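Here is the structure we will look at.
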Amino acid sequence: MTVFDDLRRRGIVQDFTAGTAELLSSGRPVRFYAGFDPTADSLHLGHLVPVMAMARLQKAGHIPFVVLGGATGMVGDPSGKNQERPLLDLEAIQHNLESQKQQLRRFLDFDGAAAAQMVNNADWFSGMGYLEFLRNVGKHLNVAYMISKDLVKRRLETGLSYAEFSYQLIQAYDFLYLRQHYEVQLQLGGSDQWGNITAGIELIRRILGTEAYGFTVPLLTKADGTKFGKSEGGNVWLDSRRTSPYKFYQYLINIADEDVKKLLLIFSPQSPDEIEDLLNRHLQAPHQRLAQHHLADHLTRLVHGEEALQKAQFSSAILFGKASPDQLKSLTPEELEEVFETVPQGRATLQQFLEASTLTDLLALFPQFFPSKSEIRRLMESGGMYVNRCPINSNAPLDSEWLLHGRYLLVQKGKKQFFLLQFL
RNA sequence: GGGGAGAUACCAAAGCGGUCAAAUGGGCUUGACUGUAAAUCAAGUGGCACUUGCCUUCACAGGUUCGAAUCCUGUUCUCCCCA
């Protein structure tokens, strides 16, 4: 099976231009690229879909080019947005580029025969004047063509600035430039990039008289209608400072059964047949969450490394396993720190602990976790408040016996939200 | 420039002088059920106290009234129609 067939079978390909399959199975390494917008200093889970596509292509011998959008980031892609994006300042863009670059190194191989390369489109745009751009690029695409793009059409009604309208030209020029200077023949991107990709192909055809190719990866949505990679708190980031490995792991463990197959196909190194087999086993014992564990293990390891994965697993086992209050007490301080490393933590003084007469008063010292006393009361009344894994349903007076190792208190809001309070 | 409609809690949307901390739906939180699921059901969802209580909220600033989200005036913003 060719790599492109494999990608299609895995549901990684949404649309593709004619000839793409042939190009990728010709036996020669194909240089291909995908662009990344420096809108944040970290990539998130959603970005990983095109990245996985790139990694798989590279494994098959093709050569990835990562185009960092130093120039395009300054304009803002209208794709998929209903509103004009705020412009980022230069410094922020630079910072974001650097961070994303580091992250991408985890997924693509920058050495070896098919070594990936990284380029920044600011390199070829910063020296170009506006008039030059109009002559070289603007001249070759006509407005009717540009306006006919779905995304542009949609935005024409709600408002689209000239800068964003021009975006497709800029991205089209990227492709042209890469075709001319690096012999890049194929572009891939999210499904919202289709219009930009075809604009590039069109430009190459007109100026160079040669063919170029492209395909898009799907925008993943979950069964509940939300985007894959988004949680309540926002994006699930790859940066451990934004989304802890534990949270990252938990997000994946909690993926619904309906979605897990789709995600395994995209992210797992296993073959579609093996995945099918795994899912069958999963369905025989759904409570074991075989499929989810497989997905979470693989991605956490890939993104955060083996050590972080083990910590996340250990924490999860303690927090969601049948860890009794006694087991909790048997943990050493080191183990405690370890387990709760990725759980939100609060600190106060022992003095404050002793002065607080009731649990409610104590918890109110941590407004970031417990914004109001009413909420604390409600939680206790509904049975959703736990201290050291014991349900607390009345505003019991405090007991210093509760402190683990004389300083820690594990508080839970419901079954899934944990807070470690430390009193020094 | 002229005419009209409107701004209510996270969102949508009722309320049109007291019984309004404000209907209803969504969202969110918790509980039950379960597989750390889905679906379903229940409770809660401004703050403080907690038996009826108090305080801050219905764009903003004033005013009328014993009493206003509800009436009046001004300000800001949004939408629609005609030029």
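Predicted model only: the values in this text are computed from it and were never measured. Below, read A as the first sequence line, B as the second, and so on, with proteins coming before strands; counting in each chain starts at 1.
- If you take CG of A/D257 and P of B/G35, they are 12 Å apart, rounded to a whole angstrom.
- An OP1 or OP2 oxygen of B/U30 is reached within less than 4.0 angstrom by a side-chain nitrogen or oxygen of A/Q417.
- In terms of phosphate contacts, A/S372 brings a side-chain nitrogen or oxygen within less than 4.0 Å of OP1 or OP2 of B/C48.
- Rounded to whole Å, the separation between the P atoms of B/U65 and B/U70 comes to 16 Å.
- The residues A/K222 and A/E258 are annotated as not salt-bridged, no charged nitrogen and carboxylate oxygen being separated by less than 4.0 angstrom.
- Taking the P atoms as reference points, B/A23 lies 13 Å from B/A9, given to the whole Å.
- The separation between A/I392 atom CD1 and B/G31 atom C1' is 17 Å, rounded to whole Å.
- Between the side chain of A/Q292 and the backbone N or O of A/Q250, no donor-acceptor pair lies under 3.5 Å.
- One interatomic measurement links the two molecules: CD of A/Q412 to P of B/U36, which rounds to 14 Å at whole-angstrom precision.
- Within the structure, a side-chain polar atom (N or O) of A/S374 is placed less than 4.0 Å from OP1 or OP2 of B/C48.
- A distance of about 32 Å separates the P atoms of B/A22 and B/C33, rounded to the whole Å.
- Comparing A/G383 and A/H293 by the nucleotide of RNA chain B that holds the closest heavy atom to each, the one mapping nearer the 5' end is A/G383.
- Taking atom P in both B/A68 and B/G18, the straight-line distance is 11 Å, to the nearest Å.
- One C1' atom belongs to B/U51, the other to B/G35, and the distance between them is 43 Å to the nearest Å.
- One finds no side-chain N or O of A/K416 lying less than 4.0 angstrom from the OP1 or OP2 phosphate oxygen of B/G31.
- The partner of B/G62, taking Watson-Crick or G-U wobble pairs whose two distances both stay under 3.5 Å, is B/C72.
- A/D297 and A/R301 are not joined by a salt bridge, as no carboxylate oxygen comes within less than 4.0 angstrom of a charged side-chain nitrogen.
- For B/A39 and B/U29, the P atoms lie 13 Å apart once the distance is rounded to whole Å.
- Judged by distance alone with a 3.5 Å cut-off, a donor-acceptor contact links the side chain of A/Q250 to the base of B/U36.
- Across all strands, A/I253 comes closer than 4.0 Å to base atoms (heavy-atom distances).
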- [ ] Apply the test ring pair (Phe, Tyr, Trp, His ring centres under 6.0 Å) to residues A/F370 and A/F419: give CA-CA distance (whole Å), side-chain angles for both, the deciding distance (0.1 Å), then the verdict.
- [x] CA-CA 10 Å; A/F370 302 95; A/F419 306 97; 5.5 Å; yes
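- Across all strands shown, B/C82 is found opposite B/G1 as a Watson-Crick or G-U wobble partner, with both distances under 3.5 Å.
- Checked against A/D6 for a side chain to side chain donor-acceptor pair (under 3.5 Å), the options A/R9, A/R10, A/R8 give a single hit: A/R10.
- Between A/R378 atom CZ and B/G31 atom C1' there is a gap of 14 Å when expressed in whole angstrom units.
- The nearest whole Å value for the distance from the NZ atom in A/K373 to the C1' atom in B/G44 is 20 Å.
- Atom P of B/C16 sits at a distance of 36 Å from the matching atom of B/U30, rounded to the whole Å.
- In this structure, the CG atom of A/D259 is 20 Å from the P atom of B/G35, given to the nearest Å.
- Going from atom CZ of A/R289 over to atom C1' of B/A38 covers 10 Å, rounded to whole Å.
- In this structure, A/K373 pairs ionically with A/D361, as a charged nitrogen and a carboxylate oxygen lie closer than 4.0 Å.
- Partner assigned to B/A37 is none, using Watson-Crick or G-U wobble distances below 3.5 angstrom.
- In a base pair of the Watson-Crick type (N1 to N3 plus N6-O4 or O6-N4) or a G-U wobble (N1-O2 and O6-N3), with each distance short of 3.5 Å, B/C77 is matched with B/G6.
- Separating the CE atom of A/M385 from the P atom of B/G44 is a distance of 18 Å, rounded to the nearest angstrom.
- Where A/H282 and A/K413 meet RNA chain B, the nucleotide closest to each residue was compared, and A/K413 sits on the side nearer the 5' end.
- Applying the ring pair (Phe, Tyr, Trp, His ring centres under 6.0 Å) definition to pairs two or more places apart or across chains, none involves residues 375-405 of chain A.
- For B/G4 and B/A83, the C1' atoms lie 15 Å apart once the distance is rounded to whole Å.
- B/C28: Watson-Crick or G-U partner is B/G44, with both key distances under 3.5 Å.
- An OP1 or OP2 oxygen of B/A32 is reached within less than 4.0 angstrom by a side-chain nitrogen or oxygen of A/K415.
- A/E375 comes within 4.0 angstrom of nothing in the nucleic acid, heavy atoms only.
- Taking only side-chain nitrogens and oxygens, A/S382 never comes nearer than 4.0 Å to OP1 or OP2 of B/G44.
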